[in-house]
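See below for the structure under consideration.
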2 protein chains.
Amino acid sequence: MAAPRKSNRSAAPARDASAATAAPRAIAEQLERHGVRPSAQRVAIASYVLGTEDHPSADQVWARVKERFPMVSRATVYNTLRHFTEKGLLRELVLAEGRQVFDPVVEPHHHFVDDETGAIRDIPWNALKVAKIDELEGLDVREYMVVVRGVARGARKG
Amino acid sequence: MAAPRKSNRSAAPARDASAATAAPRAIAEQLERHGVRPSAQRVAIASYVLGTEDHPSADQVWARVKERFPMVSRATVYNTLRHFTEKGLLRELVLAEGRQVFDPVVEPHHHFVDDETGAIRDIPWNALKVAKIDELEGLDVREYMVVVRGVARGARKG
DNA sequence: CCGAAAGTTGGACTTAGTCTAAAACTGTCA
DNA sequence: TGACAGTTTTAGACTAAGTCCAACTTTCGG
Ligand SMILES: [Mn+2]
Ligand SMILES: [Mn+2]
Ligand SMILES: [Zn+2]
Ligand SMILES: [Zn+2]
């Protein structure tokens, strides 16, 4: 269900690098559409976390946001991430040892955890197919994902 | 891979209830077979954690073991669980918010997380089938599991 | 028995995350 | 504009999970 678009990876604006930060106006509007009042802090946090492919932890978000907005407090970042999550702008995932991380891709998809670097990557929904989910006895399934662990075979030579 | 046996659930002695504790002698032998010296503390810890179906956290193991062995220290429980994990007697899983838990079923299998109670249940390996894992580009897959979330439809009326 | 190695212990320490109460903003309306 | 209420942010206290450590105890080989 939930018609995952066919994107192979990054059908989105392909942000990811450090100097992310989409137009603040667009971000403010995105927040408003989800019922979140766009304060300065919230826009600063959103401009990183809603655009990343990194699955960052809360403290990683804090560190990133402080670069551009040094006086933002930890409580604000934690509150805001929770708020975004409640409003459906983010998902919170718990995939690996001591890392609860946030994911701006709220549509169903799978995940790959690199055992060497700890990096988490998205796997598009229809890159994999899970059979027999509907045959599970006595379980009311709300959602599921495949968690794949291994190492990324580096295509980083040439 | 890793030829998961066909067990539907609990092909093992079906322990689970509180008064678990299989024969201490058998447990000591199991530890030795895995290269773990069977001290009194380790046998006490093993006799709970190697037989449970509960996926307990480290502190839950501590609480349980203290009932029968009140002077055991927290450090010992944490050390021992790590030791067991290194020796392949346990796996450590991170599936849900603030819960890294231990699993005595080290063969590949899937998991169900009850969103209401937080309980984690095993799903036998061939109750589900994941297709196209081998087609993932650039990833060296070491293991994978399906994580299913939902609620257990209570068969608890009659 | 002895000494070395392995195991255990309580408590200090660390880190992620939550909570709180006060301060700062924001929007509304007189 | 000025007052007010509601909302947001803030620093720092607090909590809980987990690690580390140095001292103590047990085990084992000789
Ligand atoms: Mn751990
Ligand atoms: Mn959280
Ligand atoms: Zn993701
Ligand atoms: Zn399991």
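Proteins get letters first, then strands, A, B, ... in listed order; numbering begins at 1 in each.
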Output the rounded distance in Å from [atom1] ([X]) to [atom2] ([N]).
X       : N      : atom1 : atom2 : answer
B:Glu32 : C:dG7  : CD    : P     : 12 Å
A:Gln60 : C:dT15 : CD    : P     : 15 Å
B:Glu86 : C:dA6  : CD    : P     : 14 Å
B:His83 : D:dG18 : NE2   : C1'   : 19 Å

With the threshold set at 4.0 Å, does a side-chain nitrogen-carboxylate oxygen contact exist between B:Arg121 and B:Asp114? no

So does A:Asp59 pair up with A:Arg74, basic N to acidic O under 4.0 Å? yes

With B for base contact, S for sugar-phosphate-only contact and - for none (protein heavy atoms under 4.0 Å), nucleotides 9-17 of chain D reads SBB-----B

For residues 33-43 of chain B, pull every pair meeting side-chain hydrogen bond (donor to acceptor under 3.5 Å, both in side chains), keeping only residues two or more places apart or in separate chains. B:Arg42-B:His83

Reported [atom1]-to-[atom2] distance for the pair [X] and [Y], which is rounded to 0.5 angstrom:
X        : Y        : atom1 : atom2 : result
B:Thr85  : B:Leu89  : OG1   : CG    : 8.5 Å
A:Phe112 : A:Asp122 : CZ    : CG    : 12.5 Å
A:Gln30  : A:Phe84  : CD    : CZ    : 8.5 Å

Using the test ring pair (Phe, Tyr, Trp, His ring centres under 6.0 Å), find all partners of A:Tyr78 that sit at least two apart in sequence or belong to another chain. none

Please round to 10 degrees the angle between the axis of the first five pairs and the axis of the last five pairs in the helix from C:dC1-D:dG30 to C:dA30-D:dT1. 10°

A:Asp103 meets the side chain to side chain donor-acceptor pair (under 3.5 Å) criterion, sequence neighbours left out, with A:His55, A:His109, A:His111

Heavy-atom side-chain proximity of B:Tyr144 to B:Val130 below 4.5 angstrom: yes

Identify the pairs formed between an N or O of the protein and an N or O of nucleotides 26-30 of chain D at a distance under 3.5 Å, and give each distance.
residue	atom	partner	partner atom	Å
D:dT27	O3'	B:Arg37	NH1	3.3

Decide if atom NZ of B:Lys132 counts as having more than 12 heavy atoms of other residues, nucleotides or ligands within a radius under 6.0 Å. yes

